[in-house]
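The structure under discussion appears below in the form of structure tokens.
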Number of protein chains: 2
Amino acid sequence: MSTEFHVNPDMIVQLYNEISKHFSSQRVRRLAEHLRKNDLSLNQFSVLNIVNHESECSSIHLANMLKLKAASITYIIDLLVKRGLVDRVENPEDRRSHFINLTEEGRKLLVVPEDTADLIQSFEALEQDDLDMLYLSLRVLKNRIIRNDKK
Amino acid sequence: MSTEFHVNPDMIVQLYNEISKHFSSQRVRRLAEHLRKNDLSLNQFSVLNIVNHESECSSIHLANMLKLKAASITYIIDLLVKRGLVDRVENPEDRRSHFINLTEEGRKLLVVPEDTADLIQSFEALEQDDLDMLYLSLRVLKNRIIRNDKK
DNA sequence: TATTGTTATACTCTATAACTATA
DNA sequence: TATAGTTATAGAGTATAACAATA
């Protein structure tokens, strides 16, 4: 395949952002629904997400990431521990601090369900050739991206 | 372009969802940051989004969409009106109810900034040929999708 | 003394119940 | 009588400030 101009990542990012805007509103709605159903605040959910990506995550680190006070982190972690969604593990190198780890229960709550019906509707607007090309493109993208994900 | 099998929208949705998961955590973080910077709760932001998409939106409708009590909607709308992000307009056909409309100020807060640097990094993992193909695919998708958006 | 994190307190948000106005 | 929405109050969740323990 060849194009008459040089496609660079920036150009794709710009396109991606425009497309992303189209789905933004529904994404927010799905997220809010997911949080409500699982009785999670946005900050609690953010903690689960951060803890999932960072091993040896301390309260201070969470406070910095979320721009919350340490006391709020304590409160949030207390609730999550009580629900069995995270664990507190002692930091052997600093007896003041703890590491926050995601439990299996917590990991289950990370995935926000997609609104499949609406997505399908969007893709159905495409011609067959474009569908084919999009599929191939996304498959390549997935393979390159997922490689860097843990598990 | 041709493939040895028939690509249908479902297959693309599945791929899309897998890719989407990869960006999910950062998207949540960006949203949380956007809300914090603009002093908005998730429900307040949801109200702005719903009001943006639905003209003649009533309190009752918002309560149904967000699964909140009417009294909570009153509280949220009061705050947003006070900040000049939405207006309350009388419903000429039913003097009990009001329509909630987004103001220009409110519209400015709808867009959640993307984390461009991280996106670029993802796309930089692709070969030039794949970049070209992805670009073409997304451009077609954008043109088909955006057509159905208002403004 | 500086840093990590907790306890105590104040504030914000949401739910419930009682109420007003209109249909 | 039923419905749309508001007001008043209580409770849950979150943030702020003062404090204790460790570095």
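Letters A, B, ... mirror the listed sequences (proteins, then strands); counts begin at 1. Any value given below was found using the heavy atoms of this structure, including those in side chains, with hydrogens, waters and symmetry copies removed.
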**Of B:Arg27, B:Arg30, B:Arg29, the residue whose pairing with B:Glu114 passes salt bridge (charged side-chain N to carboxylate O under 4.0 Å, His left out)** = B:Arg30

Please write out each protein N/O paired with an N/O of nucleotides 11-13 of chain D under 3.5 Å, distance rounded to 0.1 Å.
none

**Item:** Span of DNA chain C, from the first to the last nucleotide whose atoms fall under 4.0 Å of chain B heavy atoms
**Value:** C:dT12 to C:dA23

**Item:** CZ-CG distance between B:Phe45 and B:Leu85, expressed to the nearest 0.5 angstrom
**Value:** 11.5 Å

**B:Asp87 (side chain) donor-acceptor with B:Val89 (main chain) under 3.5 angstrom** = no

**Asked** With a non-hydrogen cut-off below 4.0 angstrom, is A:Ser72 in contact with a base, only sugar-phosphate, or nothing?
**Response** base

**Asked** With a non-hydrogen cut-off below 4.0 angstrom, is A:Thr74 in contact with a base, only sugar-phosphate, or nothing?
**Response** base

**Message:** Tell me if the side-chain of A:Arg95 makes a donor-acceptor pair with the base of D:dT22, cut-off 3.5 Å, by modelled atom types.
**Reply:** no

**Complete:** Between A:Arg96 and A:Leu40, whichever has its closest DNA chain D nucleotide further toward 5' is A:Leu40

**Residues within residues 81-93 of chain B bordering DNA chain C, heavy-atom distance below 4.0 Å** = none

**Message:** Within the 4.0 Å heavy-atom criterion, would you say B:Ile73 contacts the bases, only the backbone, or no part of the nucleic acid?
**Reply:** nothing

**Spacing of B:Asp78 atom CG relative to D:dA8 atom C1', expressed in whole Å** = 14 Å

**Donor-acceptor contact below 3.5 Å, side chain A:Ser72 vs main chain A:Leu68** = no

**Item:** 5'-most by nearest nucleotide on DNA chain D - A:Asp94 or A:Lys69
**Value:** A:Lys69

**Item:** Check: A:His22 side chain, B:Lys142 main-chain N or O, donor-acceptor pair, under 3.5 Å
**Value:** no

